[in-house]
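Below is one structure, written out as structure tokens, with a few remarks after it.
Chain naming here is simple, since letters A, B, ... match the order of the sequence lines and numbering starts at 1 in each.
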2 protein chains.
Amino acid sequence: MSGRQQKRSVHEESEEARETRRAILEVARQLFMEFGYRAITTRQISDACGLTQPALYHYFKDKEELYVAMAREELARTRTGLERITRRGESVEERLKRAVAYLVGATQHDHSLMMHDIRYELSPEARLQLNEEFRINMIAPLAALFEEGQHDGQLRDEQHGGSDAVASAYLFLSFVSYILARGQHETATGSDSALAQQMVGILLHGLAYP
Amino acid sequence: MSGRQQKRSVHEESEEARETRRAILEVARQLFMEFGYRAITTRQISDACGLTQPALYHYFKDKEELYVAMAREELARTRTGLERITRRGESVEERLKRAVAYLVGATQHDHSLMMHDIRYELSPEARLQLNEEFRINMIAPLAALFEEGQHDGQLRDEQHGGSDAVASAYLFLSFVSYILARGQHETATGSDSALAQQMVGILLHGLAYP
DNA sequence: CCTACCGATCGGTAGG
DNA sequence: CCTACCGATCGGTAGG
């Protein structure tokens, strides 16, 4: 809650302003999510928007506030996508595969780059806020799915060689990071969905024979 | 003869120079591996060494060359540690648990930060070189272990719900990253070795009941 | 190995 | 008096 939301009298120019703001957020998303916070300058963002760099500061207090606004939108969007999947009436394994495919394909971007930026580039305040949003929007939906699997007796809980639902969600995301990281510098050996199938299979059934 | 310091013999001079070079590499390791390439300035390194910033450029051509030299040493050190573990006469599972504990405890640092720097901060040439060193020093020893497990019939190969040995090694490392990432902003629920046991158990036996 | 600096570029802000 | 910017430049810092 920033005390920055001042008088924005309702007129047609605020319509234009909102459009510009949206354009900035979209460009910031593409650049920050592909190259990271430090590597992208405010000038690169403004150039891509057809604005001067100082004009950005009319819409966002500073570079960090822009990043945080972008990241919050991105996380909220991801939660919508994830919840659409986790609410399906399919098996836990099937929904996990869909979730991998969604995170790899639809979002395109590696959330682990965002996590790096949150941890290493942002202020403690921004870090705290985005860590919470990360838990709410990405971890919680996945953890709910793992918890469902544990209650159904399909998945091991912590006492039976598994891990608690939240830890499972983090592990799941580390698998997704792995897939996306591989895709960057290795020629794909198969389609994303085939890899997603394989990864979820390993996460659920293990690398060893029973 | 003025009080000006006399020219040191080649012998002493290169001895001292090597010591200084070592000190720079050690400081660079501590700082780069904790905070990342971009976040650390050459002045921070020189200050911590008791040198002026331009003096660094007597020992290393530029910031990147210093990072690459440090990273190569770090990777070579890690390989030595890993190979000492993989050559033991224990079960594959036991050696994997030791490897996790070693990577989490002994090295202290998250290799995923190094991977981020390699991918996002370095030049294409340095990236290429360190990616190769990464494969040789970290992936190869682990992949050899997974391959041994597959030949023994303990681990699934690609045709039976597993993954090839190299991919398994990458997956293994993504688990280690996860452990180290958790340790940064969560209170540890148990000791590192207990977590290592749990993680290897999940990787080998899966989250689902057979 | 230091003092004294450079070209450029960074994020951010001035007046109009 | 407001908005949506611009041209110019701020204080600092990057690698060298």
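Rounded to a whole Å, the CZ atom of A:F60 is 13 Å from the P atom of D:dA4. Atom CD1 of A:I45 is separated from atom P of C:dC10 by 12 Å (rounded to the nearest Å). Rounded to whole Å, atom C1' of C:dC2 lies 13 Å from atom CG of B:L56. One atom, CG of A:D62, and another, P of C:dG12, lie 5 Å apart when rounded to the nearest Å. Taking atom CD of residue A:E65 and atom C1' of nucleotide C:dG12, one finds them 13 Å apart after rounding to whole Å. In this entry the distance linking OH of B:Y67 with C1' of D:dG15 reads 17 Å, nearest Å. With rounding to whole Å, A:E19 atom CD is found 18 Å from D:dT3 atom P.
Of the listed nucleotides (C:dC1, D:dG16, C:dG12), C:dC1 has the atom at the smallest distance from the side chain of B:T20. Of the candidate nucleotides C:dG12, D:dG15, D:dC5, C:dG12 has the atom nearest to the side chain of A:Q53. Side-chain proximity of B:K63 to the nucleotides D:dG16, C:dG11, C:dC2 is greatest for D:dG16. Checking D:dG15, C:dC1, D:dC6 against every side-chain atom of A:T52, the shortest atom distance belongs to D:dC6.
Remark on DNA chain D: of its neighbouring residues B:A39 and A:G50, the 5'-side contact belongs to A:G50, judged by nearest-heavy-atom nucleotide. When each of A:A55 and A:R43 is assigned the nucleotide of DNA chain D bearing its nearest heavy atom, the one mapping closer to the 5' terminus is A:A55.
Using a 4.0 Å heavy-atom distance criterion, A:T41 is classed as a sugar-phosphate-only contact. Backbone-only contact: B:L51 has heavy atoms under 4.0 Å from sugar-phosphate atoms and none from a base. Backbone-only contact: A:I40 has heavy atoms under 4.0 Å from sugar-phosphate atoms and none from a base.
Residue B:R72 places its CZ atom among 12 or fewer non-hydrogen atoms of other residues, nucleotides or ligands, all under 6.0 Å distant.
Residues B:T20 and B:H58 have side chains not in contact (no heavy-atom distance under 4.5 Å, counting atoms from C-beta outward). Here the side chains of B:R38 and B:Y120 are not in contact, with every heavy-atom distance at 4.5 Å or above.
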Stepwise side chain to side chain donor-acceptor pair (under 3.5 Å) check, A:E34 with A:Q30: CA-CA 6 Å; A:E34 180 167 357; A:Q30 289 173 9; over 6 Å; no
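With P as the reference atom, D:dG12 and C:dA8 are 22 Å apart, rounded to whole Å.
Side-chain N/O atoms of A:R38 and base N/O atoms of C:dG11 include no donor-acceptor pair closer than 3.5 Å.
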